[in-house]
Amino acid sequence: MFEFRIRTLTARRACVLGAAALIAGGVAPARAQLVLPGAVAPTPEGTVASPAKKRSVGGEMGAAAGPAIMPKAPAEDAIVGKIIKRDGEGSAIEFSRAGADLQVAKLTLVGDDLRRSGEACRVEVAGTPLKLTARQSETGLRRYQIAFPACAFTFDVLDGAILVTNEGKACELKDAGCRADPEGLWGMSADEIDPKKGEEMLGARARVEKTLRSTFRALYDQYKKEKAIRNFIVKEQAGFSSWREEVCRSYAREPDFGYCALRLTEARAIALGAQLATGVKLPPGVVEEAAAENTKKDERK
């Protein structure tokens, strides 16, 4: 899924042991990085490896109370009318509708003061509402770019949250003397999290993890005879948990509720489902490797 591509939070190298563990038993919640396909920055140019004959996504990998959950891609209504905050307590954004169009009703960026080292700055963005432009995404999620020249970041719509990417670059609002990094999960604020919901969130995440592992296994089986593609999806999946940890480590009250991890896991499950249904988006290097592999196969025939 979480392309989920999601890329300015760039995929990290997956270790051999981690990859082997993924193939043997699915995705364990460990460190690694991936790109929600689409979670982080626009998808690199490449070719889509079309899916082979569809397989059923079955098998229960891991223990979780209740049935596995296959999340649906959230609609824009999941974020309209809510104030959602980066890491649950920093920059804030509010969305509204103008007819059928989604727009940014209010945007506040919090960052580092460029004039006073070590101090924070806060900028209420003027000129709202800001226009949003729909962008193509292979993650299975709805993606938009904000029409704000000083910080035109891109985001994917999650359930009551957004996952922002800005190609790894912070925004410098020179007139305000402020440097703000929009990347990361913007979602429920710390004071909105109901302590009674903590166990429920953790249980929901366990069920989504079960779906994620099953879907990854089906995707792996689909491409297991194509070495270049198989290795690509294994490395991408091996990197997911460390990427998730990197994004979520600063989210408010994350150790108690796992809100950020739940949202990113849902996004990743959706992205894997999209890959299983429509094919895997391959970066140029992998495309060339796959082509060379196919050439060798043809020569051996």
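Both backbone and side-chain heavy atoms feed into the values below; hydrogens, waters and symmetry mates do not.
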To the closest 0.5 Å, what do you measure between [atom1] ([X]) and [atom2] ([Y])?
{"X": "F153", "Y": "I93", "atom1": "CZ", "atom2": "CD1", "result": "4.5 Å"}
{"X": "E245", "Y": "C260", "atom1": "CD", "atom2": "SG", "result": "11.0 Å"}
{"X": "W243", "Y": "L264", "atom1": "CH2", "atom2": "CG", "result": "4.5 Å"}
{"X": "N166", "Y": "C171", "atom1": "CG", "atom2": "SG", "result": "4.5 Å"}
{"X": "I79", "Y": "D159", "atom1": "CD1", "atom2": "CG", "result": "10.5 Å"}

Is the number of heavy atoms from other residues, nucleotides or ligands within 6.0 Å of [atom1] ([X]) greater than 12?
{"X": "R122", "atom1": "CZ", "answer": "no"}
{"X": "D194", "atom1": "CG", "answer": "yes"}
{"X": "E119", "atom1": "CD", "answer": "yes"}
{"X": "L202", "atom1": "CG", "answer": "yes"}

Show me the side-chain donor-acceptor pairs of residues 94-107 shorter than 3.5 Å, one per line, residues at least two apart or across chains.
| from | atom 1 | to | atom 2 | distance (Å) |
| --- | --- | --- | --- | --- |
| S96 | OG | Q103 | NE2 | 3.2 |
| R97 | NE | D77 | OD1 | 3.2 |
| R97 | NH1 | A100 | O | 3.1 |
| R97 | NH2 | D77 | OD1 | 3.2 |

>> For R116, give me all partners under salt bridge (charged side-chain N to carboxylate O under 4.0 Å, His left out), at least two apart in sequence or on another chain.
In response: D113
> Is there a side-chain contact between D112 and S117 (heavy atoms, below 4.5 Å)?
Replying inline: no
Which heavy-atom pair separates [X] from [Y] by the least distance, and what is that distance?
{"X": "V157", "Y": "P74", "answer": "O-CD, 3.9 Å"}
{"X": "Y220", "Y": "R230", "answer": "CE1-CG, 3.2 Å"}
{"X": "Y251", "Y": "D87", "answer": "CD1-CA, 3.2 Å"}
{"X": "S189", "Y": "K85", "answer": "CB-CD, 3.9 Å"}
{"X": "W186", "Y": "S91", "answer": "CH2-CB, 3.4 Å"}
{"X": "G184", "Y": "V247", "answer": "CA-CG1, 4.3 Å"}

>> One thing to verify: whether E236 and R268 come together as a salt bridge, which I'm taking to mean a side-chain N less than 4.0 angstrom from a carboxylate O.
In response: yes
>> Please tell me whether T154 and R143 have a donor and an acceptor in their side chains that are separated by less than 3.5 angstrom.
In response: no
> Are a donor atom and an acceptor atom from the side chains of E76 and Y144 found within less than 3.5 Å of each other?
Replying inline: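 Their side chains do contain a donor-acceptor pair, which is all the 3.5 Å distance test asks for.
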> Quick one: side chain to side chain donor-acceptor pair (under 3.5 Å) partners of N231, sequence neighbours excluded?
Replying inline: none
>> Between Q145 and L132 (side chain of the first, backbone of the second, donor and acceptor by atom type, cut-off under 3.5 Å), is there such a pair?
In response: no
